[in-house]
Amino acid sequence: MFSEPPDTPIDTQLPRELQRGADRARRTPGFPAGARRNTLTGNTAGGHDHTDRRNPRGVSVPVLLIGVGFLVGLAGAVLAILRIRGRYTVVTVEGTSMAPTLSPGDRVVVERRSVDQVRTGDIVVLQPPRRTGDYEPLSDRAWNIKRAAALPGDRIPEGIPPGGDLTEVPDGRLVVLGDNPDSIDSRHRGFFEADRIMGVAVRRLGGSAL
């Protein structure tokens, strides 16, 4: 029986043309030893481990990004709602002091503003003076809805107490009147305090602008 002598290498020589191609491939920078080159894609095989392009938990990268994007969008929506709630509120009209413009039961959207953001003619929601003669608020939570008739620095309309030598509305005060001639307002209570303004009624809830 024929047997190969010890340490005799097995002949693995390739045909001449293939051998030259293999030699050139092995000399290519970055080509791992013992690897074969895929001539269609330029990728290597047989010496290079193919990695699964997913995270260790098996969740694909696109799905993970979609989930993160959804959470970011949800957080943004919540912040927007909180910002809107901080700027606007809704009040329900009671009484007839603003008739015929507003009627009892009307719900109006109020934008929170300070007196320097109020214009003459705006409908404002504010607390009445703490005490003025015979008129006293029922509670600290009482609110009035009136029309701003004069702002700080404006000329005082006729019939607004106190009279005296004042000709302009003092700083920190304003004159408000109801659209209804029977309204209890600055004609009876004098100046209202500007720091007790909640804001300006901008529109009926689900309806037209004011």
Side-chain angles (χ1 to χ4, degrees), residues 71-210:
L71 292 177
V72 170
L74 181 60
V78 171
L79 290 175
I81 292 172
L82 293 176
R83 189 176 296 112
I84 290 172
R85 287 176 63 89
R87 183 176 178 183
Y88 296 94
T89 188
V90 176
V91 301
T92 301
V93 176
E94 297 180 1
T96 59
S97 68
M98 284 300 295
T101 306
L102 295 172
S103 301
D106 284 351
R107 303 187 71 197
V108 297
V109 177
V110 177
E111 182 179 8
R112 299 181 188 277
R113 296 183 192 175
S114 58
V115 68
D116 57 333
Q117 298 171 309
V118 175
R119 297 173 301 178
T120 302
D122 284 342
I123 297 176
V124 294
V125 176
L126 73 173
Q127 290 180 303
R130 293 176 176 83
R131 182 179 179 86
T132 51
D134 295 333
Y135 298 95
E136 185 174 357
L138 297 176
S139 71
D140 289 338
R141 298 177 63 85
W143 293 94
N144 288 175
I145 182 164
K146 310 288 183 184
R147 194 176 296 277
L151 300 171
D154 290 346
R155 187 173 183 83
I156 300 174
E158 293 183 4
I160 304 301
D165 297 331
L166 287 176
T167 59
E168 295 182 350
V169 178
D171 289 341
R173 300 288 188 270
L174 72 160
V175 174
V176 296
L177 302 174
D179 288 1
N180 186 342
D182 295 330
S183 166
I184 303 299
D185 46 43
S186 288
R187 291 171 292 191
H188 309 86
R189 288 177 159 166
F191 300 122
F192 279 55
E193 295 152 313
D195 61 359
R196 293 166 75 83
I197 294 175
M198 174 192 291
V200 173
V202 292
R203 67 184 312 112
R204 294 177 179 81
L205 186 63
S208 59
L210 295 171

Could you go through residues 180-187 and list every donor-acceptor pair under 3.5 Å that involves a side-chain atom there, pairing it with any protein atom two or more places apart or in another chain?
| from | atom 1 | to | atom 2 | distance (Å) |
| --- | --- | --- | --- | --- |
| N180 | OD1 | D182 | N | 3.0 |
| N180 | ND2 | T96 | O | 2.9 |
| S183 | OG | K146 | NZ | 2.9 |
| S183 | OG | D185 | OD2 | 3.1 |
| D185 | OD1 | R187 | N | 3.1 |
| D185 | OD1 | R187 | NE | 3.0 |
| D185 | OD2 | G178 | N | 2.9 |
| D185 | OD2 | R187 | NH2 | 2.8 |
| S186 | OG | V176 | N | 2.9 |
| S186 | OG | V176 | O | 3.2 |
| S186 | OG | G190 | O | 2.8 |

Revision key, fill the gap. For P128 and A142, the nearest pair of non-hydrogen atoms, with its separation, is CD-O, 3.6 Å
Review point. Considering residues, nucleotides and ligands other than Q117, do more than 12 of their heavy atoms fall under 6.0 Å from its CD?
Key: yes
Review point. Judged by atom type as modelled, is there a donor-acceptor pair below 3.5 Å linking the side chain of R147 to the main-chain atoms of G121?
Key: yes
Practice item. Carefully, step by step, assess I123 and V108 under the rule side chain to side chain contact (heavy atoms under 4.5 Å, CB included). Key: CA-CA 10 Å; I123 297 176; V108 297; over 6 Å; no
Review point. Can you list the steps and then say if N144 with F192 is a side chain to side chain contact (heavy atoms under 4.5 Å, CB included)?
Key: CA-CA 10 Å; N144 288 175; F192 279 55; 3.8 Å; yes
Exercise for review: Working to the nearest 0.5 Å, report the span between CG of L174 and CZ of F191.
Suggested key: 9.5 Å
Study note, to complete from the structure: Rounded to the nearest 0.5 Å, the CG atom of D195 sits from the OG atom of S114 at a distance of 11.0 Å
Exercise for review: For the pair R173 and E193, evaluate side chain to side chain contact (heavy atoms under 4.5 Å, CB included) and give the outcome as yes or no after the intermediate values.
Suggested key: CA-CA 5 Å; R173 300 288 188 270; E193 295 152 313; 4.0 Å; yes
Check your understanding: With sequence neighbours left out, what residues match T92 under side-chain contact (heavy atoms from CB on, under 4.5 Å)?
Key -> R107
Check your understanding: When you measure from the side chain of R87 to the backbone N and O of E111, does any donor-acceptor pair fall under 3.5 Å?
Key -> no
Review point. For D171, does the CG atom sit with more than 12 other heavy atoms under 6.0 Å from it, leaving out its own atoms?
Key: no
Point to revise | Test side chain to side chain contact (heavy atoms under 4.5 Å, CB included) applied to V125 and T89, V200, V110, the passing residue | key: V110
Exercise for review: Let me see the working for V175 and D154 under side chain to side chain contact (heavy atoms under 4.5 Å, CB included), right down to the final yes or no.
Suggested key: CA-CA 9 Å; V175 174; D154 290 346; over 6 Å; no
Review point. Looking at CD1 of I197 and CG of D122, how far apart are the two atoms once the value is rounded to the nearest 0.5 Å?
Key: 9.5 Å
Exercise for review: Quick one: closest heavy-atom pair of G95 and P104, and the distance?
Suggested key: O-CG, 3.3 Å
Review point. To the nearest 0.5 Å, what is the distance between CD1 (I160) and CZ (R189)?
Key: 13.0 Å
Practice item. With sequence neighbours excluded, tell me which residues meet side-chain contact (heavy atoms from CB on, under 4.5 Å) with S208. Key: R204
Check your understanding: Roughly how far apart are R112 CZ and M198 CE, rounded to 0.5 Å?
Key -> 6.0 Å
Study note, to complete from the structure: In terms of heavy-atom contacts, L151 and T120 come closest through CD1-N, 3.6 Å
